[in-house]
Asker: 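Right, I'll just put the structure down here and ask away after.
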Amino acid sequence: MHKNDKLFVWHPYASAIDKNPIYGVKKAKGVNLYLDSGEILIDGMSSWWCVINGYNHPVLNKAIKKQVEKFSHVMFGGLTHKPATDLAKKINEITPSSLQKVFFSDSGSVAVEVAMKFAIQYWHSENQSNKKKFLTVRNGYHGDTIGTMSVSDPINGLHSIFKNSLIKQYYVACPEDINSYSRKTSKSLKEMEKKLKDKNTKIAAVIIEPILQGAGGMRIYHPDYLVQLRKLCTKYNVLLILDEIATGFGRTGELFGFNHAKIVPDILCLGKSITGGYMSLAATMVSKKIAKSISIKKPGIFMHGPTYMANPLACSVALANINLLLSYDWKKKIKKIEEILHKELKDISKNNAVKDFRVIGAIGVLEMKNKVNVGSIQKKFVKRGIWLRPFSNLIYIMPPYIISKKDLNFLLKQLEKVINLEY
Ligand SMILES: Cc1ncc(COP(=O)(O)O)c(C=O)c1O
């Protein structure tokens, strides 16, 4: 397997002749990854933040098996099915009532592309076709496709090589860290208002990740920032797109990031943990106002349609996953994870190599002073039975919500040992 991997496979954010080790997985169950080489690891990544209810869950397995016996896929143009309609209804039940229509797609990046197209098409329907640019904040991350890269951080993101090939959008300073935010002095809000005042006739929407900027720096900001941003968007007649692909479904301690601020977006992007990490599925929700405008005015249709749109296997497992999440006291679980992360990361951050630590919900972040050598540190993690994948100067933990106190404490103790060894 590894020979073929080396010969034929290209891994994410990697070189085709990558020297870093790649670990083969033969089984995954609960919070454990079982490697070909025999190690059993406690997963602190939830497979890029998706596996909220753990691997190989009997309830989720059952949902997908039941659907596969019926049919695995049908085109969504002109056809529909219960998994999609039930899931859309469920999403409606757990989101604000002004959001209504759900457009399914196959990945987070596409959900954001779809959101951007909805915003552009809405203004086209409203006879304001010049409103087609996007305004966003620095340090954001919204995906890897060309459109989403244009609204992700243009300089320090993963995408700087492409910056001259992308549509130029408007950027302002990122929201201040939660501890240094003040409405009165926020440079970000000031810049945001100025840009909206000057350019609102050109801006279709503001797009932002609520509460936590994820892959652009794992930065937590104040809910009041979102309250003010919502007001500014309304004042200057610009739509607000919230990208909840990383923060949705409980990760930050509220069901959605925007619940911290009690605001409502015009367009909402969901993905990642929606299926509990079983299959790739994403959803873009739009307000009734947007749906109505696009549908009754010219051209009367929304111009997008992924081949695997609303895949029934993915919809079935997503519905089972959301029901499973809502069936236990997930808030309490996440609060406990938050407390443990806070206590242990505070201790670990005594190491001189650590610049800062921060925690929100089931997300714990160590910001190191220098860039982390991922290949080297990961070997040490694996040797000690844990799975983490740092990036840049960030070592972060986003465990499945079902992790036990014992496993989480083990994970953090091993992390501490590795950091003390490495630095
Ligand atoms: C906030 C946010 N938006 C969009 C994406 C892109 O999602 P996907 O990787 O499913 O395309 C990500 C992925 O990390 C994300 O964190």
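Just follow the structure's listing: the first ligand is 1, and inside any ligand the first atom is 1. Along the sequence shown, residues are numbered consecutively beginning with 1.
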Asker: Can you confirm if the NZ or CZ of Lys333 lies within 45° of the ring axis of Tyr401 and under 6.0 Å from the centre of its six-membered ring?
Answerer: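 The answer is no, since Lys333 fails at least one limit relative to Tyr401.
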Asker: Just to check, does Glu244 reach to within less than 4.0 Å of ligand 1 when the distance is taken from its heavy atoms?
Answerer: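 Contact absent.
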Asker: Are Asp43 and Arg389 close enough for a salt bridge, meaning some N to O gap below 4.0 Å?
Answerer: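 A salt bridge is absent here (no side-chain N lies under 4.0 Å from a carboxylate O).
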Asker: Give the numbers and elements of all ligand 1 atoms closer than 4.0 Å to a heavy atom of Lys272.
Answerer: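 With Lys272 as reference, the close atoms of ligand 1 come out as 12 (C), 13 (C), 14 (O), 16 (O).
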Asker: Could you say whether the N/O atoms of Gly108 and ligand 1 ever approach to under 3.5 Å?
Answerer: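 For ligand 1, there is an N or O atom that lies under 3.5 Å from one belonging to Gly108.
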Asker: Heavy atoms only: which of Asp243, Thr247, Asp144 lies closest to atom 1 (C) of ligand 1?
Answerer: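 The option holding the nearest heavy atom is Asp243.
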Asker: So, does Trp49 sit close enough to ligand 1 that a heavy atom of it is under 4.0 Å from the ligand?
Answerer: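 Trp49 counts as a contact of ligand 1 under the 4.0 Å cut-off.
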Asker: In terms of atom number and element, which parts of ligand 1 are under 4.0 angstrom from non-hydrogen atoms of Ser107?
Answerer: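 Within the 4.0 Å cut-off of Ser107, ligand 1 contributes 10 (O), 11 (O).
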Asker: Under 3.5 Å, is there a donor-acceptor pair between the Tyr55 and Ser47 side chains?
Answerer: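 Side-chain D/A pair, Tyr55 to Ser47: present.
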Asker: Should Glu113 and Lys117 count as an ion pair when the cut-off is N to O under 4.0 Å?
Answerer: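 Answer for the salt bridge query: no.
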Asker: With the threshold set at 4.0 Å, does a side-chain nitrogen-carboxylate oxygen contact exist between Lys187 and Glu191?
Answerer: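 Yes, charged N to carboxylate O under 4.0 Å.
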Asker: Classify the contact between His142 and ligand 1 as side chain, backbone, both or neither, using a heavy-atom distance cut-off of under 4.0 Å.
Answerer: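 Within the 4.0 Å criterion, His142 contacts ligand 1 through backbone atoms alone.
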Asker: Quick test: of every protein heavy atom, which one is nearest to atom 9 (O) of ligand 1, and how far off is it to 0.1 Å?
Answerer: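 For atom 9 (O) of ligand 1, the nearest protein heavy atom comes out as Ser109 OG, 4.5 Å.
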Asker: Is it true that the side chains of Asn53 and Tyr278 contain a donor and an acceptor less than 3.5 Å apart?
Answerer: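 There is no such pair (donor and acceptor under 3.5 Å, judged by atom type) between the side chains of Asn53 and Tyr278.
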Asker: Would you be so kind as to tabulate the donor-acceptor pairs closer than 3.5 Å made by side chains of residues 94-107, with sequence neighbours excluded?
Answerer:
| unit_1 | atom_1 | unit_2 | atom_2 | d |
| --- | --- | --- | --- | --- |
| Thr95 | OG1 | Ile91 | O | 2.6 |
| Ser107 | OG | Val110 | N | 3.4 |

Asker: Could you list which atoms of ligand 1 come closer than 4.0 Å to a heavy atom of Ala246?
Answerer: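 By the 4.0 Å cutoff, the relevant atoms are 16 (O).
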Asker: What residue and heavy atom of the protein are closest to atom 12 (C) of ligand 1, and at what distance?
Answerer: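 For atom 12 (C) of ligand 1, the nearest protein heavy atom comes out as Tyr141 CE2, 3.5 Å.
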